[in-house]
K.L.:
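This is the structure, below, for whatever I ask next.
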Amino acid sequence: MAGILAWFWNERFWLPHNVTWADLKNTDEATFPQAEDLYLACPLAFCIFMIRLVFERFIARPCAMGLKIQTNGPQKAQPNAILEKVFTAITKHPDEKRLEGLSKQLDWDVRTIQRWFRQRRNQEKPSTLARFCESMWRFTFYLYIFTYGVRFLKKTPWLWNTKECWYNYPYQPLTVDIHYYYILELSFYLSLLFSQFTDIRRKDFLIMFLHHVATISLIVFSYVNNMARVGTLVMCLHDAADVLIEAAKMANYAKCQILCNLLFAMFAILFISSRLGVYPIWILNTTLFESWEIIGPYPSWWVFNLLLIMLQLLHSFWSYLIVKTACRAISKGKLGKKSVWTSLSFLKTFHLSSKKLLQF
C-alpha cells in the first residue's frame, strides 16, 4: 500500500520542478493545505444532511403548501406479488413476449399489465412536493455559497489580477476563508452523494453518482495540490448559474409559468455568457498562458489544462442545446411549459454534471 501511495503521489508528476511535498508542510510562519484537513468534511457532510431534512420539513414544506403544491404522488399500482417480483427482480420494462406470458399467468389483458408497470414506475418518481423541497434546499445552499464566494473573492487580489493565482506557487499560504469555502463545498457534495442512497432512486442515479464522485475527487485534489486560488474562481463561476436553475425549477413546480420562463431566460443568458465568455477569457487564459509564463509547465499541468479545455467543449455543446431549445420554443410563438421543462430536465442531468466536473 505504501508503494502504491508513493507512486500515485509522485512529486515529479504533481508538483513543479524542485518542489517536494515536504516543502508544503505547515510551519510556524505559514499554513498550507494538508490532506488531513479534509477529514472534517465527513462529519460536516452528515450535519448538512441533517440540516437538509430539518429545512425541507419545517421550511420548504410549509412554503410548498402555501403555494398549493400537490402533496399526493402518482396513482399507485394495485398490489400484485407476481408483477412486483418481475418489476423488482427482472425488469421494469417488460418486452412483448414477457407481457404475453404474464397475461396468460394472471388472466389479465396486456394493456392492463402495461398500465400496472407504468403506474409502478411512476411510484418511484418523487412527488412534486418532494421535488420542490429538494430544489428549495439546493437553491438556498447555492445562493448562500455563491454570496459567500463573491464577498470573499472581491477582497482577494487574484479576482482582479489572475496572475496572483501563480505568483509564489505552490508556496501560497492557506487562509481561513479558502479553507472554509473548500470544506463547505466538499461537505455539501459528500452529503449529496450520501443522500442518493436514502432518497427515492431516480433514472439518473448512476450519472449523478459519477458526477458527485468526480466533483469530490477534484475538489480534494485541487486543495491538496494547493491550487486553491484558481479553484475558488472556478467554484464561484459555476455556482452562479445553479442559483437560477433551481429557482426556475421551483417556479415550474409552483406552476408560476411566467416566472419560470423569465428565470430560465436569465439562466440561459448567464450560462452562455459565463461558459463561452468569462470561462475561456478568465479561467483558461490564466491556466494556459499566465501559469506558463510564471511557473512553467510540468506533467500534471498538461493534464489539468487538457481537462479544462474538454470542459470548455462541453460548455459549447450545452450552450448550443440551450439556444436550440429556446429557438424552437420561440418559433412556436411562446416559451411554453413543455419546452421549458424539457430544458430544465435536460439541464438537471447535464448541467449539474458540468458543475465542478473539472473543478480545478
Side-chain angles (χ1 to χ4, degrees), residues 4-21 24 33 35 38 158 162-170 172 178 182 185-186 189 206-242 271-322 347 349-360:
I4 294 175
L5 290 175
W7 170 82
F8 181 80
W9 292 109
N10 188 299
E11 295 164 342
R12 298 285 56 82
F13 176 80
W14 295 109
L15 299 175
H17 185 62
N18 290 332
V19 179
T20 67
W21 293 117
L24 299 179
L38 301 178
W158 60 87
T162 50
K163 289 184 178 181
E164 292 287 343
C165 292
W166 312 108
Y167 289 147
N168 198 37
Y169 176 82
Q172 297 164 342
I178 292 178
Y182 261 80
E185 289 270 14
L186 178 59
Y189 279 93
L206 181 59
I207 293 175
M208 296 311 301
F209 177 81
L210 294 175
H211 157 257
H212 296 329
V213 170
T215 299
I216 290 166
S217 300
L218 291 161
I219 291 177
V220 168
F221 174 78
S222 65
Y223 181 87
V224 173
N225 206 29
N226 202 17
M227 290 188 171
R229 290 188 176 184
V230 71
T232 57
L233 299 180
V234 175
M235 284 193 289
C236 191
L237 179 66
H238 283 77
D239 282 334
D242 286 330
F271 184 95
I272 293 171
S273 61
S274 62
R275 301 309 195 276
L276 301 188
V278 178
Y279 181 82
I281 294 173
W282 195 38
I283 301 297
L284 291 183
N285 178 64
T286 191
T287 60
L288 283 170
F289 303 111
E290 293 177 349
S291 65
W292 180 293
E293 176 187 347
I294 296 170
I295 64 173
Y298 49 98
S300 64
W301 181 95
W302 292 100
V303 176
F304 296 150
N305 279 287
L306 176 62
L307 294 175
L308 291 171
I309 291 171
M310 290 173 59
L311 179 58
Q312 178 60 58
L313 296 176
L314 293 174
H315 286 164
S316 301
F317 174 68
W318 293 324
S319 297
Y320 161 75
L321 292 177
I322 292 173
L347 290 165
T349 300
F350 293 96
H351 169 60
L352 289 179
S353 297
S354 74
K355 183 184 182 293
K356 302 187 192 72
L357 177 61
L358 304 173
Q359 198 156 71
F360 188 32

K.L.:
Just by distance, do the side chain of N225 and the backbone of M227 share a donor-acceptor pair under 3.5 Å?
P.N.:
no
K.L.:
Mind checking side chain to side chain contact (heavy atoms under 4.5 Å, CB included) for S274 and listing every partner two or more places apart, or none if nothing turns up?
P.N.:
L237
K.L.:
Could you state the interatomic distance from CG (N285) to NZ (K163), rounded to the nearest 0.5 Å?
P.N.:
9.0 Å
K.L.:
Minimum heavy-atom separation for T232 and Y182, please, with both atom names.
P.N.:
CG2-CE1, 4.0 Å
K.L.:
Do you know the tightest heavy-atom contact between P170 and L24?
P.N.:
O-CD2, 3.4 Å
K.L.:
Backbone N or O of W21 within a donor-acceptor pair of the E11 side chain at under 3.5 Å?
P.N.:
yes
K.L.:
Does the cation-pi check pass for R275 over Y279, that is, NZ or CZ under 6.0 Å from the six-membered ring centre and within 45° of its axis?
P.N.:
no
K.L.:
For the atom pair CZ (F271) and NE2 (H238), what is the distance rounded to the nearest 0.5 Å?
P.N.:
8.0 Å
K.L.:
Grab the two heavy atoms, one from L233 and one from C165, that are nearest each other, plus how far apart they are.
P.N.:
CD1-SG, 3.9 Å
K.L.:
Look up atom CD in Q312 and atom CG in L284, then write down how far apart they are to the nearest 0.5 Å.
P.N.:
5.5 Å
K.L.:
Show your reasoning for whether side-chain contact (heavy atoms from CB on, under 4.5 Å) applies to S316 and L276.
P.N.:
CA-CA 7 Å; S316 301; L276 301 188; 3.6 Å; yes
K.L.:
Between W7 and F13, is the ring centroid distance below 6.0 Å?
P.N.:
no
K.L.:
With no hydrogens and no angle check, is any side-chain donor or acceptor of Q172 less than 3.5 Å from a backbone partner on Y167?
P.N.:
yes
K.L.:
Mark yes or no for whether T286, through its side chain, and W282, through its backbone, hold a donor-acceptor pair below 3.5 Å.
P.N.:
no
K.L.:
Check the orientation of H315 and W318. Use parallel for under 30°, tilted for 30 to 60°, and perpendicular for over 60°.
P.N.:
tilted
K.L.:
Which residue is it: L38, N226, I178? I am looking for the one with a side-chain contact (heavy atoms from CB on, under 4.5 Å) to P33.
P.N.:
N226
K.L.:
Partners of W302 by ring pair (Phe, Tyr, Trp, His ring centres under 6.0 Å), sequence neighbours excluded?
P.N.:
W292
K.L.:
Evaluate the side-chain proximity of W166 to E293: yes if any heavy-atom separation is below 4.5 Å, no if none is.
P.N.:
no
K.L.:
State the OG1-CH2 distance between T287 and W301, to the nearest 0.5 angstrom.
P.N.:
7.5 Å
K.L.:
Compare all side-chain heavy atoms of V224 with those of W9 and state whether any distance is below 4.5 angstrom.
P.N.:
yes
K.L.:
Just so I know, are the side chains of V213 and F209 near enough to count as touching, which here means a heavy-atom distance under 4.5 Å?
P.N.:
yes
K.L.:
If the condition is side chain to side chain contact (heavy atoms under 4.5 Å, CB included), which residues does Y320 pass it with, not counting sequence neighbours?
P.N.:
K324
K.L.:
Give, for atom CZ of R12 and atom CG of N18, the distance between the pair rounded to the nearest 0.5 Å.
P.N.:
7.0 Å
K.L.:
Rounded to the nearest 0.5 Å, what's the gap from CD1 on I309 to CG on L288? Could you check?
P.N.:
5.0 Å
K.L.:
Indicate the atoms forming the closest heavy-atom contact of I216 with L186, along with that distance.
P.N.:
CG2-CD1, 3.7 Å
